[in-house]
Amino acid sequence: MEEKDVRQWCMFMHMSQLAGYIIPLGGVIVPIVMWQMKKDESSEIDAHGRMVVNALLSYLIYVGISMALCLVLIGFILLPAASILAVVAPIIGGIKANDGVLWKYPLVFKFL
């Protein structure tokens with residue numbers, strides 16, 4: 001693959017996390033499918049895909065914990081913060097990926 005194509009795939013993989021706001025579960029399924037389709041063609045795509053999946057899992061955990069903490073009222077502060085982070089981070093990641101940089105999402109656990 002050409003460098004330009006790799007960068008575009010990486011950018012779309014990051015941005016596809018936002019598909020969940022249009023299609024239910026699209027923000028989870030689409031980036032994982034994209035990563036699985038192209039991960040063997042480029043190590044850069046594989047690295048970005050791992051970062052995206054780690055971010056998805058981490059932010060899912062943060063939202064779940066925030067929802068549980070709504071019972072003690074602190075979750076009402078944490079939930080919007082986690083939601084904003086889940087929107088802003090993929091946009092920054094996509095912009096950086098288009099520049100050829102693997103940006104590490106903030107507050108992400110390394111599962112993969």
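We number each residue from 1, following the sequence as shown. Every heavy atom of this structure was used, including side-chain atoms; hydrogens, water molecules and symmetry mates were not.
The structure places CZ of R50 at 4.5 Å from CG of D46, a figure rounded to the nearest 0.5 Å. Considering OH of Y62 and CG of L57, their distance stands at 11.5 Å, rounded to 0.5 Å. In this structure, I65 CD1 and L78 CG are separated by 9.5 Å, a value rounded to the nearest 0.5 Å. The distance from atom CD1 of I45 to atom CG of D5, rounded to the nearest 0.5 Å, is 8.5 Å. Going from atom CG of L25 over to atom CD1 of I32 covers 10.0 Å, rounded to the nearest 0.5 Å. Going from atom CG of L69 over to atom CG of L71 covers 8.0 Å, rounded to the nearest 0.5 Å.
Between S83 and Y21, the closest heavy-atom pair is O-OH, 4.4 Å. The two atoms that bring P90 and L85 nearest to each other are CD-O, 4.0 Å, heavy atoms only. Among all heavy-atom pairs drawn from P31 and G26, the shortest one is CD-O, 3.6 Å. In terms of heavy-atom proximity, N98 sits nearest to R7 at O-CD, 3.4 Å. When all heavy atoms of V6 and E44 are compared, the closest pair comes out as CG1-OE1, 3.6 Å. Nearest approach of G75 to P80, heavy atoms of both residues: O-CD, 4.2 Å.
Both V108 and V88 belong to a single network of hydrophobic side chains, linked directly or stepwise wherever heavy atoms of I, L, V, M, F, W or Y lie under 4.5 Å apart. Follow the hydrophobic side-chain contacts under 4.5 Å out from I77 and you never reach Y59; the two are in separate clusters. Under the 4.5 Å side-chain heavy-atom criterion for grouping Ile, Leu, Val, Met, Phe, Trp and Tyr, F12 is not connected to V101 through any hydrophobic cluster. I91 and I23 sit in two unconnected hydrophobic clusters of ILVMFWY residues. Membership requires side-chain heavy atoms under 4.5 Å apart, directly or through other members. Cluster membership check: I29 shares its hydrophobic cluster with M15, using side-chain heavy-atom separations under 4.5 Å among Ile, Leu, Val, Met, Phe, Trp and Tyr.
Within 6.0 Å of CE on M67 lie no more than 12 heavy atoms contributed by other residues, nucleotides or ligands. By the neighbour-count criterion of 12 heavy atoms within 6.0 Å, atom CD of E3 is densely surrounded, having more than that number from other residues, nucleotides or ligands.
By the 4.5 Å heavy-atom criterion applied to side chains, V53 and F111 are not counted as neighbours. With a 4.5 Å cut-off on side-chain heavy atoms, I92 and K96 count as touching.
Judged by distance alone, with hydrogens and angles left aside, the side-chain atoms of S16 form a donor-acceptor pair with the main-chain N or O of M13 at under 3.5 Å. In this structure, the side chain of Q17 engages the main chain of H14 through a donor-acceptor pair within 3.5 Å. In this structure, Y105 contributes its side chain and S58 its backbone to no donor-acceptor pair below 3.5 Å.
With sequence neighbours excluded, no residue satisfies side chain to side chain donor-acceptor pair (under 3.5 Å) with W9.
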* Apply side chain to side chain contact (heavy atoms under 4.5 Å, CB included) to the pair H48 and L102, showing each step before the final yes or no. => CA-CA 7 Å; H48 283 269; L102 175 60; 3.6 Å; yes
